[in-house]
2 protein chains.
Amino acid sequence: MKTKEKGRYHHGDLQATLLRSARVLLERDGIAALKLRAITRHAGVSATAAAPYFGNLAGLLSVLAAQGFDELTEAMSPPHAPSARDVGLAYIRFAIANPGLFTLMFRSDAINRTDAHLVTASERAFRRLAALPGPGESGTTQAATMAARWGKAHGLAVLAIDGLLLSLTNNGDTCMTLDQLVNEAFR
Amino acid sequence: MKTKEKGRYHHGDLQATLLRSARVLLERDGIAALKLRAITRHAGVSATAAAPYFGNLAGLLSVLAAQGFDELTEAMSPPHAPSARDVGLAYIRFAIANPGLFTLMFRSDAINRTDAHLVTASERAFRRLAALPGPGESGTTQAATMAARWGKAHGLAVLAIDGLLLSLTNNGDTCMTLDQLVNEAFR
DNA sequence: AAGTAATTTTTACAATGTAAAGTCAGGTGG
DNA sequence: CCACCTGACTTTACATTGTAAAAATTACTT
């Protein structure tokens, strides 16, 4: 397989290459760098080369987001039967480790939420997080218990990515790691 | 004060008018409609009329976001001394009532996070939410307690705006309101 | 070897953000 | 009363973006 030779036509692996380029730009320059022309430029092809595969920019980003949900699902699937706390912490740690990707996965105005692959991938990830027995407080619906756990994990993840959680610790004299803070805060 | 007469030059109240137009577009067509040209078009002025006041699009949106944080602070300030739960619920309800504005307030790549007004407005709002005594669980840092409360409120808000919380309840046969779910989930 | 299908490029166009120069209103000094 | 000047907005211009349509190039098939 000649993955990246200089043959200009018939790249052979363009779909995956474009996704890789998008991923590189996303992690290097943030979500604002996810322009179609920047992606194709980085991949070394013309500006409209992505259209046959992804339709438009939202299509490409949707596939990238679906990949993200797949990776999130895997990150939340440790070898041995995990507790609800383990899975929630894995959710937060994935977000902190992949801030751009995680942000993209929830940017409804940048991706196509009705995309079939994306729907199945995200639902799989959400089920993995929500469908755990966990310590449901007495007198609450199961939906409320799941919403509480998911909400707390998601909120901590988003605030951590935005750099807002650390501003809580650095105000006082207590200097703790972001990981320490998350570990204490997510119960 | 001739607020909106047809005198083309010397509008007299352009700064506020532009902010109002942006707000209208934001609430009507979502965050994707916040283009500079669309805002000036809606205000009835030329495309570059915002530059003297706001510098660029990010400057305008930053002022809008600062307004949002001011309104959020007010929404979290009920007449009588509130509990931590009241304030958290007010945070979530504000987000659900103003989804576009709330989303903009946390879009770091659309606004200018170092803007002076925005910094003070957001810090004021964050303090109002975090600096409440609340039911800190035993053995946790105060920063962790605040992070837990803020994270849960913020996560529930974001997930509710994205329409993801309702998918939790509609799966089973239990049909509960979003407000009911939030009320049960935010403890 | 020739034709056909698949893949990528060229070309083209509308829309956006923004910088620079130009134009108009309203107050001020003569 | 008139010229001027300053501030407020517009016009013009340009680089960049997303995307549709046509053209060009390569690979496959028979």
Side-chain angles (χ1 to χ4, degrees), chain A residues 1-22 25-26 28-65 104 107-112 115, chain B residues 1-22 25-26 28-65 104 107-112 115:
Chain A
M1 55 172 89
K2 45 175 177 176
T3 51
K4 288 186 122 182
E5 274 319 311
K6 262 194 116 184
R8 313 204 326 194
Y9 276 82
H10 290 76
H11 183 284
D13 189 31
L14 188 50
Q15 180 155 5
T17 300
L18 287 171
L19 287 172
R20 267 193 303 263
S21 289
L25 292 177
L26 174 60
R28 209 185 55 188
D29 301 333
I31 228 174
L34 285 181
K35 322 259 187 203
L36 191 49
R37 283 174 123 103
I39 297 168
T40 54
R41 207 180 302 142
H42 183 272
V45 293
S46 81
T48 62
Y53 296 104
F54 303 99
N56 52 13
L57 174 60
L60 195 157
L61 298 187
S62 300
V63 177
L64 197 59
L104 176 69
R107 278 257 161 125
S108 308
D109 56 333
I111 64 182
N112 193 354
D115 180 280
Chain B
M1 59 171 83
K2 46 176 178 176
T3 50
K4 288 187 120 182
E5 275 318 310
K6 260 194 116 186
R8 315 208 320 198
Y9 280 81
H10 291 76
H11 183 284
D13 187 32
L14 188 49
Q15 182 155 2
T17 301
L18 286 171
L19 287 171
R20 268 194 302 263
S21 289
L25 292 177
L26 174 60
R28 209 185 55 189
D29 300 334
I31 226 173
L34 284 182
K35 322 260 187 202
L36 191 50
R37 283 175 123 101
I39 296 168
T40 53
R41 207 180 302 140
H42 182 272
V45 294
S46 80
T48 62
Y53 297 103
F54 304 99
N56 52 14
L57 175 59
L60 195 158
L61 299 187
S62 300
V63 178
L64 197 59
L104 176 68
R107 277 254 162 130
S108 307
D109 57 332
I111 64 183
N112 193 354
D115 180 281

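A, B, ... follow the sequence lines: proteins, then strands. Residue 1 opens every chain. As the structure is a computational prediction, the values presented were derived from the model and not from experiment.
Set against C:dT9, C:dT8, C:dA12, the side chain of A:Pro52 has C:dT8 as its closest nucleotide. Comparing atom distances between the A:Leu57 side chain and each of C:dT16, D:dA8, D:dT19 picks out D:dT19 as nearest. Checking D:dG18, D:dT11, C:dG17 against every side-chain atom of B:Lys35, the shortest atom distance belongs to C:dG17. The listed nucleotides are C:dG17, D:dT11, D:dT17; the one nearest the side chain of B:Arg37 is C:dG17.
Put simply, CG on B:Leu60 is 10 Å from P on C:dT18, counting in whole angstrom units. Between the CZ atom of A:Phe54 and the P atom of C:dT7 there is a distance of 13 Å, given to the nearest Å. For the pair B:Leu34 CG and C:dA15 C1', the interatomic distance rounds to 16 Å; values are reported in whole Å. Spacing between atom CG of A:Leu36 and atom P of D:dA20 amounts to 11 Å, rounded to whole angstrom units. If you measure from atom CD1 of B:Ile39 to atom C1' of C:dG17, you get 12 Å, rounded to the nearest angstrom. D:dA8 atom C1' lies 14 Å from atom CG of B:Asp13, rounded to whole Å. A:Arg41 places its CZ atom 9 Å from the C1' atom of D:dT16, with the value rounded to the nearest Å. Rounded to whole Å, atom P of D:dT17 lies 15 Å from atom NE2 of A:His42.
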Show me the donor-acceptor pairs, under 3.5 Å and distance only, between side chains in residues 38-53 of chain A and residues at least two apart or in other chains.
{"from": "A:Thr40", "atom 1": "OG1", "to": "A:Leu36", "atom 2": "O", "distance (Å)": "3.1"}
{"from": "A:Thr40", "atom 1": "OG1", "to": "A:Arg37", "atom 2": "O", "distance (Å)": "3.1"}
{"from": "A:His42", "atom 1": "ND1", "to": "A:Ser21", "atom 2": "OG", "distance (Å)": "2.9"}

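In terms of the side chain to side chain contact (heavy atoms under 4.5 Å, CB included) criterion, residue partners of B:Ala58 (sequence neighbours excluded) are, by chain and number, B:Asn56.
When heavy atoms are screened at a 4.0 angstrom cut-off, B:Ala49 is found touching base atoms of the nucleic acid.
Residues B:Ala22 and B:Leu34 come closest through the heavy atom pair O-CD2, 3.5 Å. The heavy-atom pair separating A:Phe54 from A:Leu19 by the smallest distance is CZ-CG, 3.9 Å.
A salt bridge links A:Arg20 with A:Asp13; the closest basic N to acidic carboxylate O contact falls under 4.0 Å.
No donor-acceptor contact under 3.5 Å links the side chain of A:Thr48 to the base of C:dT8.
Regarding contacts with the backbone of C:dG17, every side-chain N or O of B:Asn56 stays at 4.0 angstrom or more from both OP1 and OP2. Between A:Tyr53 and C:dT7, a side-chain N or O to OP1/OP2 separation shorter than 4.0 Å is absent.
For the pair B:Ala51 and A:Leu14, both in contact range of DNA chain C, the more 5′-proximal nearest nucleotide belongs to A:Leu14.
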